[in-house]
Number of protein chains: 2
Amino acid sequence: MTEKPISNALRALAKLREMIFAGDLPAGSNHLETELAAQLNMSRTPVREALLMLEGQGLLELQPRKGVRILPISPRDMADIYDVLTELESLSAEQAAKAGHSDSALALLEAAIDDMDKAIAAGDLDAWSEADDRFHKELVQLGGNGRVKAIVDMMSDQVRRARAITLALRPLPTKSNDDHRKVFQAIKDGQANMARDTHRAHRCHAKEIIVGVLEKHRLRFI
Amino acid sequence: MTEKPISNALRALAKLREMIFAGDLPAGSNHLETELAAQLNMSRTPVREALLMLEGQGLLELQPRKGVRILPISPRDMADIYDVLTELESLSAEQAAKAGHSDSALALLEAAIDDMDKAIAAGDLDAWSEADDRFHKELVQLGGNGRVKAIVDMMSDQVRRARAITLALRPLPTKSNDDHRKVFQAIKDGQANMARDTHRAHRCHAKEIIVGVLEKHRLRFI
DNA sequence: TCACACATTAATGCATGCATTACTAAATGC
DNA sequence: GCATTTAGTAATGCATGCATTAATGTGTGA
């Protein structure tokens, strides 16, 4: 309905994001508009439009004569991002609990939790990571605040850049799913404060872990 | 240092934002790129770039053959926005308290509160509004989280669109400054939880008022 | 009279070209 | 030999033109 036709600019946006996540455009590296346009097989105009959007999302910076700089994420940045996610996701948990969703509306959330359990049992970190994303995304969806969703999507993008590396370095998130289940139960039972506080504690803990890993390894991220 | 030279695109961005706030481009109205470019005395390219940025900030929508649509803000939207502001500003208050800022660092915050008192005494709503903005902006600044600052700036823009009208309709915010002082004192004393909870309650109250006014008058905003 | 199809109009998306400007390097003066 | 200035180069910001495509209006047939 309100769909836009797939323009070259949108293709460039998706492709550039992909290149950043894949590490083809590493953090801190500089690239000229012309080069990127050539790589993407289109003219500078749509590429430039995509770059402006990505700049607005905080993934890169346009420096007038020095090219496009992919922004690195310092431990401090990651802490800031996690703090935002903590607040907004906790709000979502609270609102989701207040909304009194039916069991069927909560099915996706529960499925994500189940999938995380399976992934942990199988030792499949990638599958766990994917299911974890799904859980957080669905949580925000159930919260029903569109602006929160937009912001969390943006920030999650940045977290995803770091996750690939931190996943291998951090302890297996075996206990994390207990928290998820508690949050789920609280939402199901309509216990707003419980949902909020539980999720908040969960996210604070996750933040400590990630930031700890980043600092320990002196990493600035991709 | 990291300043960008003032390009036409940035001028267009500022000017368009101004036109939206001033009501020259009313909520729900449609405008063609060509017309806007003509009004701004520049070619379509920089105007288009500015429009893309504004779309990213949620102020408008680019509809392929129907022109640029200025997005209205419903009471629901305003409630969503206030919820985000509540969470992120409360976080800022907490972090500001934890940071242990010196008295001189807190001077601007206190000045904003004093100015609000003066404005209320003088019955000057515009001055009050300006000082209130300053208080919230400074609070976020003291919180020290750059992403929070960016998000709050964006959301505040949207609130400002509604404020001009709600100001005249809502009760005089005489008591509101007591809250501000309590938050200030808590930050000064390093009482993080107190700062957080006080500010949270303050914002929740403000949300009720504004959303109430919007719903009562069935307003969709500029 | 209504519906469908075709043609015309016009806005957008993109490519391209040009002018401006910043960076580099070389040359001259001290 | 070093510093300063100037010339050359190259990337960006913007204007412009074109092609595509959607919307509107007209005409014809049932």
Side-chain angles (χ1 to χ4, degrees), chain A residues 1-20 24-72 150, chain B residues 1-20 24-72 150:
Chain A
M1 206 73 233
T2 59
E3 319 265 330
K4 291 200 189 183
I6 331 96
S7 62
N8 275 2
L10 290 180
R11 251 193 302 279
L13 183 68
K15 193 75 180 139
L16 286 171
R17 212 199 294 270
E18 205 178 289
M19 288 166 77
I20 293 173
D24 294 337
L25 304 177
S29 63
N30 286 71
H31 308 270
L32 299 177
E33 288 181 8
T34 317
E35 291 173 17
L36 293 173
Q39 282 184 51
L40 298 179
N41 264 62
M42 49 182 91
S43 85
R44 277 176 48 224
T45 308
V47 173
R48 196 175 153 76
E49 289 182 357
L51 290 174
L52 285 169
M53 296 189 230
L54 289 170
E55 185 177 38
Q57 288 168 28
L59 285 181
L60 48 81
E61 190 185 15
L62 270 71
Q63 289 173 311
R65 310 262 149 195
K66 306 175 69 177
V68 180
R69 200 174 103 88
I70 313 299
L71 292 179
Chain B
M1 206 72 234
T2 58
E3 318 266 331
K4 292 200 186 179
I6 332 96
S7 63
N8 274 3
L10 290 181
R11 250 193 302 279
L13 182 67
K15 191 79 180 139
L16 287 170
R17 210 198 295 269
E18 205 178 291
M19 288 166 78
I20 293 172
D24 294 336
L25 305 177
S29 62
N30 285 72
H31 308 270
L32 300 177
E33 289 181 7
T34 317
E35 292 172 17
L36 293 173
Q39 283 183 52
L40 298 179
N41 262 65
M42 49 181 92
S43 86
R44 277 176 48 225
T45 309
V47 172
R48 197 175 153 75
E49 289 182 358
L51 290 173
L52 285 169
M53 296 189 231
L54 289 169
E55 185 178 38
Q57 289 169 29
L59 284 181
L60 48 82
E61 191 184 15
L62 270 70
Q63 288 173 313
R65 308 263 150 198
K66 307 175 70 177
V68 180
R69 199 175 106 88
I70 311 298
L71 291 179

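A note on names: the letters A, B, ... follow the listed sequences, proteins ahead of strands, and every chain is numbered from 1. Excluded from the calculations below are hydrogen atoms, water molecules and symmetry mates; all remaining heavy atoms, backbone and side chain alike, are included.
Following rounding to the nearest Å, A:Glu35 (CD) and D:dA10 (C1') show an atom-to-atom distance of 12 Å. One atom, CD of B:Glu61, and another, P of C:dT12, lie 14 Å apart when rounded to the nearest Å. Atom-to-atom, CG of A:Leu62 to C1' of D:dA11 comes out at 12 Å; the value is rounded to the nearest Å. Atoms CG (A:Asn41) and P (C:dC14) sit 14 Å apart, rounded to a whole Å. Across the protein-nucleic acid pair, A:Leu32 atom CG and D:dT9 atom P stand 18 Å apart, rounded to whole Å. Rounded to an integer number of Å, the gap from CG of B:Leu36 to P of C:dT12 is 9 Å. Whole-Å rounding puts the A:Glu49 CD to C:dC14 P distance at 6 Å. In this structure, the CD1 atom of A:Ile6 is 14 Å from the C1' atom of D:dT21, given to the nearest Å.
Side-chain N or O atoms of A:Glu49 include none that pairs as donor or acceptor with a backbone N or O of A:Ala9 at under 3.5 Å.
One N or O donor and one acceptor, one from the side chain of A:Thr45 and one from the base of C:dA15, sit under 3.5 Å apart. For a distance-only test at 3.5 Å, the side chain of B:Arg65 qualifies as a donor-acceptor partner of the base of C:dA11.
When the side-chain nitrogen and oxygen atoms of B:Arg48 are compared with OP1 and OP2 of C:dT12, none of them lie within a distance under 4.0 Å.
The distance from atom CG of A:Leu25 to atom CD1 of A:Ile70, rounded to the nearest 0.5 Å, is 4.5 Å. With rounding to the nearest 0.5 Å, the separation of CG in B:Asp24 from NE2 in B:His31 is 9.0 Å. Considering CG of A:Asn8 and CE of A:Met42, their distance stands at 4.5 Å, rounded to 0.5 Å.
Here the side chain of B:Ser43 is nearest to one of C:dT12, D:dG13, D:dC14, namely D:dC14. Nearest nucleotide to the side chain of B:Glu33, out of D:dC14, C:dC14, C:dT12: C:dT12.
Side-chain contact between A:Leu40 and A:Arg11: absent, with no pair of heavy atoms (C-beta onward) separated by less than 4.5 Å.
Of the residues near DNA chain C, A:Met42 and B:Thr34, the one whose nearest nucleotide (by heavy atom distance) lies more toward the 5' end is B:Thr34. Take the nearest nucleotide of DNA chain C for A:Lys66 and for A:Arg44: the residue whose nucleotide is more 5' is A:Arg44.
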